[in-house]
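The structure under discussion appears below in the form of structure tokens.
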Amino acid sequence: MATASGEPLIITDKNEMRRWSRAMRSQGKTIGLVPTMGYLHEGHLSLIKESHNRANVTVVSIYVNPGQFSPSEDLSTYPSDFHGDILKLKSLPQSVDVVFHPHNLYDYGYNSSKSTANDNRGGAVSCVEERVAGHETWVRVERLEKGMCGKSRPVFFRGVATVVAKLFNIVEPDVAVFGKKDYQQLRVIQRMVRDLDFSIEVIGSEIERDSDGLALSSRNVRLSPEEREKALSISRSLLRVKSAVQKGQINCKELRDSVIQEINEAGGRMDYAEIVEQESLEAVEEIRSPVVLCVAAWFGNVRLIDNMEINA
């Protein structure tokens, strides 16, 4: 449990984490898990509050997953402030019970001549206690991972699903909370949980936005003031599409084109703009049922994603 000062217990060892969870369960307590990559902001804190509402104790994992980074992305540039994260957690009205901060959850096998996880080892120290051959098991959610972010980052969701599955097996939560900003990731995790019979309720929490409308992200800190101003074109375009749909516009190509034009004119570089069915993530041509408009675009060297559910 959290200390009297409200500071969470910090656990780095997976076996100790599992023992803690099982001790809580033996006391009849339910466990909530909020997986993060650290550099916490108000969006993360809203997920933690949701966990508090749904479970007796809450574990926040802080782990920058090398398997989520493509060859063109530098793992070392991902923002990190573990001490600051702990201070933010201590400031919450209701304490976080545990921070699970493992050194590494996947051994990429340094001596292997084959490329693994895009060779993004980043100098990480293996969590494997005995020096044996590296890990080679991956979890794939084959159809849901292919579109949108999966097109430009073809092994991204393999890295996500595998490490989240490991977190689930280690922490053994009853509830896990993810943000809807990473919409495709949420659906991938929900499908993995369903297909592999994890006894976990996966909750999607609403997107938290700054006062100017920009979706909160740890990557926002890397935007220059000018890039941040230009990035507001994402949320503006999403709102305009939602308004257009409410007024009767249903042609998805026209709606997507309007988003692409607005972001391009603002100086962004589009990755994609897709309108898909909310559960299956199948692209639709006309909006006649609940959909989600998902966008990814680059501003400078920062790739931002955002989305908006449209319940037609």
Side-chain angles (χ1 to χ4, degrees), residues 35-44 47 63-81 117-120 122 144-161 163-164 178-189 207-210 212-239 241 256-276 281 283 292-308:
T36 82
M37 294 211 300
Y39 210 75
L40 304 181
H41 51 65
E42 287 298 325
H44 295 113
L47 306 183
Y63 175 65
V64 180
N65 177 15
Q68 293 182 213
F69 289 78
S70 70
S72 62
E73 297 174 317
D74 187 354
L75 174 62
S76 67
T77 65
Y78 193 85
S80 176
D81 181 11
N118 293 316
D119 276 334
N120 280 305
L144 285 181
E145 70 175 37
K146 286 182 178 178
M148 297 192 290
C149 286
K151 289 181 181 178
S152 59
R153 310 176 82 190
V155 297
F156 171 76
F157 290 111
R158 179 186 78 171
V160 171
V163 162
V164 170
F178 293 81
K180 283 188 177 181
K181 185 176 75 68
D182 298 282
Y183 203 90
Q184 188 175 12
Q185 172 179 281
L186 170 66
R187 293 309 188 201
V188 164
I189 297 304
I207 296 173
E208 291 288 320
R209 298 183 180 277
D210 221 328
D212 57 11
L214 187 67
L216 295 183
S217 170
S218 299
R219 289 183 168 89
N220 290 353
V221 70
R222 294 172 52 201
L223 294 167
S224 70
E226 181 182 4
E227 290 166 348
R228 183 189 173 88
E229 184 64 29
K230 292 177 178 179
L232 298 180
S233 59
I234 298 179
S235 56
R236 285 198 305 264
S237 65
L238 294 177
L239 287 170
V241 165
R256 288 197 312 271
D257 287 348
S258 69
V259 171
I260 293 169
Q261 180 179 352
E262 182 163 354
I263 292 174
N264 283 341
E265 289 179 351
R269 291 181 289 116
M270 291 299 306
D271 186 346
Y272 65 80
E274 299 284 351
I275 298 176
V276 299
L281 304 186
V292 56
L293 168 56
C294 297
V295 172
W298 292 85
F299 290 86
N301 294 320
V302 183
R303 183 179 182 273
L304 301 178
I305 61 173
D306 201 348
N307 68 78
M308 185 160 290

Using only atom types and a distance under 3.5 Å, with no angle test, would you say the side chain of [X] pairs donor to acceptor with the backbone of [Y]?
X	Y	result
Arg153	Gln68	yes
Gln184	Leu144	yes
Arg269	Ile263	no
Ser233	Ala266	no
Asn220	Leu304	no

When you compare the side chain of [Y] with that of [X], does any pair of heavy atoms fall below 4.5 Å?
X	Y	value
Pro35	Tyr63	no
Leu223	Leu214	yes
Met37	Tyr78	yes
Asn307	Ile207	yes
Tyr183	Ile305	no
Gln185	Cys149	no

_Let's go through Met148 and Val276 carefully: what are the C-alpha distance in whole Å and the side-chain angles of both, what is the deciding distance for side chain to side chain contact (heavy atoms under 4.5 Å, CB included) to 0.1 Å, and is it a yes or a no?_
CA-CA 10 Å; Met148 297 192 290; Val276 299; 4.2 Å; yes
How many angstroms lie between [atom1] in [X] and [atom2] in [Y], if you round to the nearest 0.5 Å?
X	Y	atom1	atom2	value
Ile275	Cys294	CD1	SG	9.5 Å
Met308	Ser235	CE	OG	7.5 Å
Arg222	Phe299	CZ	CZ	14.5 Å

*Using the side chain to side chain contact (heavy atoms under 4.5 Å, CB included) rule, take Ser217 and Lys181 through it: C-alpha gap first, then chi angles, then the decisive distance, then the call.*
CA-CA 9 Å; Ser217 170; Lys181 185 176 75 68; 4.0 Å; yes
*With sequence neighbours excluded, what pairs up with Arg209 under the salt bridge (charged side-chain N to carboxylate O under 4.0 Å, His left out) test?*
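Arg209 satisfies salt bridge (charged side-chain N to carboxylate O under 4.0 Å, His left out) with Asp306 once adjacent residues are dropped.
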*asked:* Can you list everything that forms a salt bridge (charged side-chain N to carboxylate O under 4.0 Å, His left out) with Arg228? Sequence neighbours excluded, please.
replied: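 Applying salt bridge (charged side-chain N to carboxylate O under 4.0 Å, His left out) to Arg228 gives Asp210, Asp212.
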_How about CG on Asp257, more than 12 heavy atoms from neighbouring residues, nucleotides or ligands closer than 6.0 Å, or not?_
yes
Nearest heavy-atom pair of [X] and [Y]: which atoms, and what distance?
X	Y	answer
Ser152	Arg303	OG-NH2, 3.8 Å
Gly268	Asn264	O-OD1, 3.4 Å
Ala161	Ile189	CA-CD1, 4.3 Å

*Quick one: list whatever passes side chain to side chain contact (heavy atoms under 4.5 Å, CB included) with Ser224, sequence neighbours left out.*
Glu226, Glu227
*Where do Thr36 and Leu47 land on the side chain to side chain contact (heavy atoms under 4.5 Å, CB included) test, with the steps shown first?*
CA-CA 10 Å; Thr36 82; Leu47 306 183; 5.7 Å; no
*Given side chain to side chain contact (heavy atoms under 4.5 Å, CB included), test Val259 with Val295 step by step and report yes or no.*
CA-CA 9 Å; Val259 171; Val295 172; 3.8 Å; yes
